[in-house]
Structure formats: structure tokens, C-alpha cells
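Throughout, residue positions are numbered sequentially from 1 according to the sequence presented.
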Amino acid sequence: MRRTVASAVGIAGIVAGTLGNAGPVRAAQPRPAPVACPASVGDRATCYTGEDGNGAYYAIAIPKKWNGSLVVHSHGGPDLGEGSDPERSVDDLDRWSVMVSEGYAWAGSSYRRGGYGTRMAAADTENLRRLFVADFGRPERTYVHGQSWGGNVAAKVVETYGRKNGPYDGALLTSGVLGGGSRGYDYRVDLRVVYQYYCRNLPRPSEPQYPLWQGLRPGSTLTTAGLRARLQECTGYASAPEERTARQQRNLADILAVTRLPERTLESHLRFSVFTFRDIVHSRLGDRNPFGNRGVWYSGSHDDAALNAGVERFSAAPDARRDLSYDSDLTGRVSIPVLTMHAIDDPTAFVEHESAYRATVDGAHRGKNVVQTFTRESEHSELSDAEYADSIAALDSWARTGNKPTPRSIASACATFDRVYGTGCFYDSAFHPKPYASHVRPRPGGLTWPAMTSAQERAWSRIDGVGIAP
């Protein structure tokens with residue numbers, strides 16, 4: 001490790017750097033302050049925290065036996081607090097301390113504010129990389145890692161900043177929401193309208209009415225506890241099956257069958273379709289609607305004809321859909337090695353997101369730069385540490401040697417790491433996910449990928465105010 005002087009030249013380099021449409025970095029930013037590392041890191045590293053020039057809190061860990069390379073982490077969510085959460089990056093360091101155990105320096109940003117904004121989060125991730133370089137020197141190699149929505153953020157980092165021979169040498173995308181924003185949340189749009197058809201309590205008939213694409217009316221004081229109570233009232237989801245009423249059991253069965261959602265994550269998906277949709281629509285898009293469900297036929301219920309006749313329908317406003325697409329959809333223009341890992345039974349970001357990403361990079365004729373791996377696990381964020389260690393090692397070898405790994409070679413190497421971590425290796429090298437449309441009901445015109453082409457991205461980038469403001 002070497003600390004360089006944060007000279008005026010170094011700071012100016014950060015300030016002058018282009019951060020897409022996320023805005024410039026403020027000039028004044030304190031240097032990282034040494035802090036105690038999380039228990040999972042212990043005394044194996046020196047840890048730092050700080051706040052960057054845009055108000056994003058961050059955490060950094062540099063192993064005492066540093067291998068010279070850096071992993072920059074993009075976290076999932078998005079969190080919905082007003083400002084940057086100083087604890088988020090520290091918690092993520094604790095969760096992914098395996099990277100530090102493997103000898104990599106680690107840096108994670110909490111982003112400058114809560115709420116949706118994929119390009120903003122990508123800019124904050126890149127800004128932290130620049131901050132690391134200014135204070136600690138340029139690493140031998142730099143990798144970006146994204147988990148969940150952070151997978152979308154990291155994929156955007158790859159396309160925005162990850163040019164060949166640029167600052168990033170590779171990317172690891174785990175449990176990624178890789179379908180992008182304009183299509184990646186369609187199953188939650190479906191949940192929102194199907195839930196209301198059966199439950200009629202969000203809003204209740206006695207409450208102010210609003211279009212369901214808003215998620216929740218802007219002035220509502222509904223809490224997550226209140227949402228859970230309404231879901232329980234309608235479906236009895238938190239009760240044992242024998243304790244549910246016949247009506248609750250039928251409502252629950254119909255909602256799950258039509259939306260194809262796992263029962264154990266029904267509440268978290270509904271939360272997203274209520275609170276995060278409100279953030280996207282009201283706070284980020286000025287009350288414009290980016291979502292639609294016209295032309296979708298819902299099936300699997302006890303009475304599909306009645307459901308389709310009664311469910312609320314709406315169409316996206318073209319400019320709102322464009323802005324959400326510009327912010328979070330991917331073009332597939334990948335110039336550096338990208339390795340993905342996804343649990344086959346991921347109940348939150350379905351494994352078919354990987355099909356969307358494969359179709360996106362293939363559509364951009366960049367498929368040679370992507371390797372996808374799948375594991376026989378059923379969690380979203382709690383994958384095996386041995387697999388994370390195996391994955392970053394495979395990516396590092398690919399970047400250093402140019403020899404592209406295969407799912408089989410990655411699976412074969414995992415046992416070496418499992419002898420250290422003892423968390424198991426669950427790769428299925430023969431698995432290939434079904435098309436995205438097999439799990440998420442496509443909208444008219446929504447079967448081809450990429451959802452946003454490079455030409456569209458270039459054209460839209462010339463529109464003043466396009467996208468989501470940071």
C-alpha cells in the first residue's frame with residue numbers, strides 16, 4: 001500500500017472527471033479517516049471511512065497483505081432514505097469481507113442520496129475509485145462488483161467507464177437485476193395491479209384513490225408495518241395455512257399463481273411495487289408514469305376472464321419510459337471481462353435476468369466478453385463465500401492472462417476455496433436459464449434485446465434533462 005499526497009492536481013483530476021449526467025463532484029472533500037474494521041475483517045486490514053464531495057459516505061479496507069488489486073463495490077437496493085447512509089458501506093464491507101480475505105482492497109460507496117438512480121450510483125462508484133487512486137495510488141488492477149440492483153449499477157459502470165484499457169479490468173455481477181429498469185420491474189407492476197384486484201385495500205374504497213402505477217400516492221403516511229398488515233388481512237401470508245380463512249387462502253393462491261412469485265418473498269416484492277415505485281414515479285420522474293400493462297393477459301387464477309376484465313390497465317408515458325430506460329437499461333456494449341453468478345432459485349432477482357443480459361450483450365455482438373455461472377442455491381444475497389472467492393479469482397486470472405474461463409473450469413476450482421471457507425460449492429455448469437419472457441409477462445414489443453440500443457442511448461443523451469437527476 002502506498003499513500004500519495006492528495007495534491008491540488010489529484011483533486012482537480014477527480015473534479016474534472018466526467019460522471020455522465022450525475023453532475024460534477026464538489027471540490028472540497030476530506031481525506032479518508034482511519035477507523036476500526038468490522039469484526040469480519042479484524043486486524044487483517046486497515047479500514048477507512050469518509051464522505052466524498054457529493055455527500056456520499058464510503059468505506060475502504062486495504063489488507064495488510066495487499067495483492068495490489070482493488071474491488072469497487074456497488075450495493076443493491078435502492079435504499080429509500082433521503083440522504084447517504086453512513087452505515088451502509090460499512091455493513092457491505094462486513095458482508096463481502098471475503099474479498100479482503102482474498103487480498104483485495106475493497107471500496108464501497110453508500111451513494112449520495114437514497115432512492116432510485118442507476119447512473120447516479122454508477123457515478124458515485126466511479127468517483128470512489130478516483131478518490132482511492134488520489135489517496136492510495138493506482139492499483140495494479142481494478143474490478144467492479146455489483147450485487148442485486150448493484151449488479152445493474154455495476155453493469156452501467158462497465159458500459160459508461162469500462163472502456164478497453166480504461167480504469168476497470170473486469171466486473172463481477174452477482175444476483176444482478178440485469179433486465180434493466182424499463183422491463184426488469186414488470187413482474188412487480190403485475191403484482192401491484194393483481195394484488196389490488198383481489199385485495200381492494202391499497203387503497204381501500206374509503207381512502208383517496210390514485211392510479212396504481214404511482215405505487216403509493218405521494219402524501220400517504222402508510223408504513224411498511226401498515227403494508228404488512230394489509231397483506232396479512234387479505235392473504236394471511238404470515239399465518240400457517242390452516243389458520244387462514246378460505247378467502248385468504250384463495251387470494252394468496254391466485255396472487256402467487258398469476259404473478260409467479262415465491263410466497264416467501266411476496267411481501268418484499270409488494271414493498272418494492274409500493275414504496276420504490278412511489279420513489280421512481282414521484283421523486284425521480286415528476287409524477288410521470290414509466291410503467292404499462294396494456295396487452296398483458298394474466299393467467300393461472302381461478303377465474304382468468306374476470307381478472308383480466310377487472311384488473312387496472314395503463315400505458316407508460318413515452319418520455320417517462322425513455323428516462324427510466326436511459327437511466328438503467330443496458331446496451332450490452334461490454335469491452336472488458338464480465339463474470340456473473342446467480343442462484344438458480346433466486347426468489348428476488350429471478351435467474352431469467354441472466355437471459356436478458358445474455359440477449360443484451362449478444363444483441364450488441366459483445367457476448368465473447370461475458371461468462372455466466374449458476375448455482376443450486378435459493379437465496380438472493382447470501383451466496384457462498386467460497387463461490388465469491390472463486391469468482392473473483394477467476395475474473396482476476398481472465399483479466400491478467402486473457403484466458404477466458406468456462407462455467408466448468410470455475411466450478412472445478414471452487415473446492416480449493418471451500419477448503420478455506422467451508423461454505424460449500426453449488427455450481428451447476430450445465431444450467432441455462434429460460435428466456436426472460438418465460439417468467440415475466442412481456443409487454444408488446446418487449447421481446448427483443450437490448451431494451452436500449454447504443455444508438456438510442458446516444459440520441460437520448462443529447463436531450464436536455466434526460467434520465468433521472470442525481
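Between the side chain of Ser438 and the main chain of Pro435, a donor-acceptor pair closer than 3.5 Å is present. Distance alone, capped at 3.5 Å, places no donor-acceptor pair between the Thr331 side chain and the Met452 backbone.
Residue Met341 holds its CE atom at 6.0 Å from OG1 of Thr373, rounded to the nearest 0.5 Å. For the atom pair CD (Glu267) and CG (Leu261), the distance works out to 12.5 Å, reported to the nearest 0.5 Å. The structure places CD of Glu382 at 11.0 Å from OG of Ser384, a figure rounded to the nearest 0.5 Å. The distance from atom SG of Cys414 to atom CD1 of Ile410, rounded to the nearest 0.5 Å, is 10.0 Å. Within the model, atoms CG of Leu172 and CH2 of Trp96 stand 10.5 Å from one another, a figure rounded to the nearest 0.5 Å. How far CD1 of Ile62 is from CH2 of Trp106: 12.5 Å, rounded to the nearest 0.5 Å.
Judged by distance alone, the side chains of Ser84 and Arg113 never bring a donor and an acceptor atom under 3.5 Å apart. With 3.5 Å as the limit, one finds no donor-acceptor pair spanning the side chains of Glu140 and Ser69. Side-chain atoms of Ser109 and Asp124 include no donor-acceptor pair closer than 3.5 Å. Side chain to side chain, Thr348 and Thr265 fail the donor-acceptor criterion of an N or O pair below 3.5 Å. When only modelled atom types and interatomic distance are considered, Asp329 and Ser182 share a side-chain donor-acceptor pair under 3.5 Å. Looking at Gln214 and Arg278, their side chains never bring a donor and an acceptor atom within 3.5 Å of each other. Remark: the Asp135 side chain and the Tyr48 side chain contain no N/O donor-acceptor pair separated by less than 3.5 Å. Residues Arg294 and Ser315 bring a donor and an acceptor atom of their side chains to less than 3.5 Å of each other. Under 3.5 Å, the side chains of Tyr143 and Asp396 contain a donor-acceptor pair of N or O atoms. With hydrogens and angles left out, the side-chain atoms of Asp327 and Thr118 include a donor and acceptor closer than 3.5 Å. If you check the side chains of Tyr57 and Asp85, you find no donor sitting under 3.5 Å from an acceptor.
At least one side-chain heavy atom of Ser335 sits under 4.5 Å from a side-chain heavy atom of Arg366. A heavy-atom distance below 4.5 Å is not found between the side chains of Arg95 and Asp91. Side-chain contact between Glu51 and Pro30 is absent, with no heavy atoms from C-beta onward closer than 4.5 Å. Looking at His432 and Phe374, their side chains never come closer than 4.5 Å, going by heavy atoms from C-beta outward. Annotation: side chain of Thr340 is not in contact with side chain of Thr174 (no heavy-atom distance under 4.5 Å). Contact annotation: the side chain of Thr406 never approaches that of Val371 to less than 4.5 Å [non-hydrogen atoms, C-beta and beyond]. A 4.5 Å side-chain heavy-atom check between Arg288 and Val281 finds every atom pair outside the cut-off. Put simply, the side chain of Pro290 reaches to within 4.5 Å of the side chain of Leu285, judged on heavy atoms.
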Checking salt bridge (Lys or Arg N to Asp or Glu O under 4.0 Å) for the pair Arg376/Glu387: CA distance, chi angles, key distance, verdict? CA-CA 12 Å; Arg376 297 182 301 277; Glu387 293 168 346; over 6 Å; no
Could you walk me through whether Asp94 and Ser40 pass the side chain to side chain donor-acceptor pair (under 3.5 Å) test, one step at a time? CA-CA 6 Å; Asp94 184 43; Ser40 60; 2.5 Å; yes
Please evaluate residues Arg130 and Asp52 with respect to the criterion salt bridge (Lys or Arg N to Asp or Glu O under 4.0 Å), reporting the C-alpha separation (whole Å), side-chain torsions for both, the decisive distance (0.1 Å), and the verdict. CA-CA 11 Å; Arg130 298 181 187 188; Asp52 77 5; over 6 Å; no
Show, in sequence, the C-alpha distance, side-chain angles and deciding distance for Ser74 and His145, and conclude whether the side-chain contact (heavy atoms from CB on, under 4.5 Å) test is met. CA-CA 6 Å; Ser74 299; His145 169 235; over 6 Å; no
Would you check, one step at a time, whether the test side-chain contact (heavy atoms from CB on, under 4.5 Å) holds for Tyr185 with Ser273? CA-CA 8 Å; Tyr185 307 125; Ser273 75; over 6 Å; no
Show the numbers, then the answer: is there a side chain to side chain donor-acceptor pair (under 3.5 Å) between Ser101 and Arg44? CA-CA 8 Å; Ser101 298; Arg44 291 177 288 115; 2.9 Å; yes
Taking it one step at a time, do Ser175 and Leu383 satisfy side-chain contact (heavy atoms from CB on, under 4.5 Å)? CA-CA 9 Å; Ser175 307; Leu383 304 183; 3.6 Å; yes
Using the side-chain contact (heavy atoms from CB on, under 4.5 Å) rule, take Thr49 and Ile60 through it: C-alpha gap first, then chi angles, then the decisive distance, then the call. CA-CA 6 Å; Thr49 59; Ile60 293 171; over 6 Å; no
Candidate pair Arg441 and Asp186, rule salt bridge (Lys or Arg N to Asp or Glu O under 4.0 Å), full reasoning: CA-CA 7 Å; Arg441 301 173 192 277; Asp186 281 344; over 6 Å; no
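Gly115 and Pro78 get closest at one heavy-atom pair: O-CB, 3.6 Å. Taking both residues in full, the closest heavy atoms of Ala415 and Cys425 are given as N-SG, 3.8 Å, listed atom of the first, atom of the second, then distance. Nearest heavy-atom pair across Pro32 and Leu131 is CG-CD2, 3.8 Å.
Remark: Arg321 fails to qualify as a cation-pi partner of Phe291 under the 6.0 Å distance and 45° angle criteria applied to the six-membered ring. A cation-pi contact, defined as under 6.0 Å to the ring centre and within 45° of the axis, links Arg188 to Phe272.
Between His269 and Tyr187, the ring centre distance stays below 6.0 Å. Checked against the 6.0 Å centroid criterion, the rings of Trp66 and Tyr104 do not qualify as a close aromatic pair. Remark: aromatic rings of His75 and Tyr111 are close, center separation under 6.0 Å. Aromatic rings of Phe350 and His439 (six-membered ring for Trp) have centroids within the 6.0 Å cut-off, being under it. Two rings, from Tyr421 and Tyr388, have their centers 6.0 Å or more apart.
Here Tyr436 pairs with His353, Trp449 under the ring-ring contact (aromatic ring centres under 6.0 Å, His included) rule; sequence neighbours left out.
Within a 6.0 Å sphere centred on CZ of Arg400, heavy atoms belonging to other residues, nucleotides or ligands number more than 12. A 6.0 Å sphere centred on NZ of Lys64 holds more than 12 heavy atoms belonging to other residues, nucleotides or ligands.
Applying side chain to side chain donor-acceptor pair (under 3.5 Å) to His342 and the options Gln372, Glu352, Glu354, His380 leaves one that passes, Glu354.
Listed by first and then second residue, the disulfide bond (SG atoms under 2.5 Å apart) pairs that reach into residues 43-109 are Cys37-Cys47, sequence neighbours excluded.
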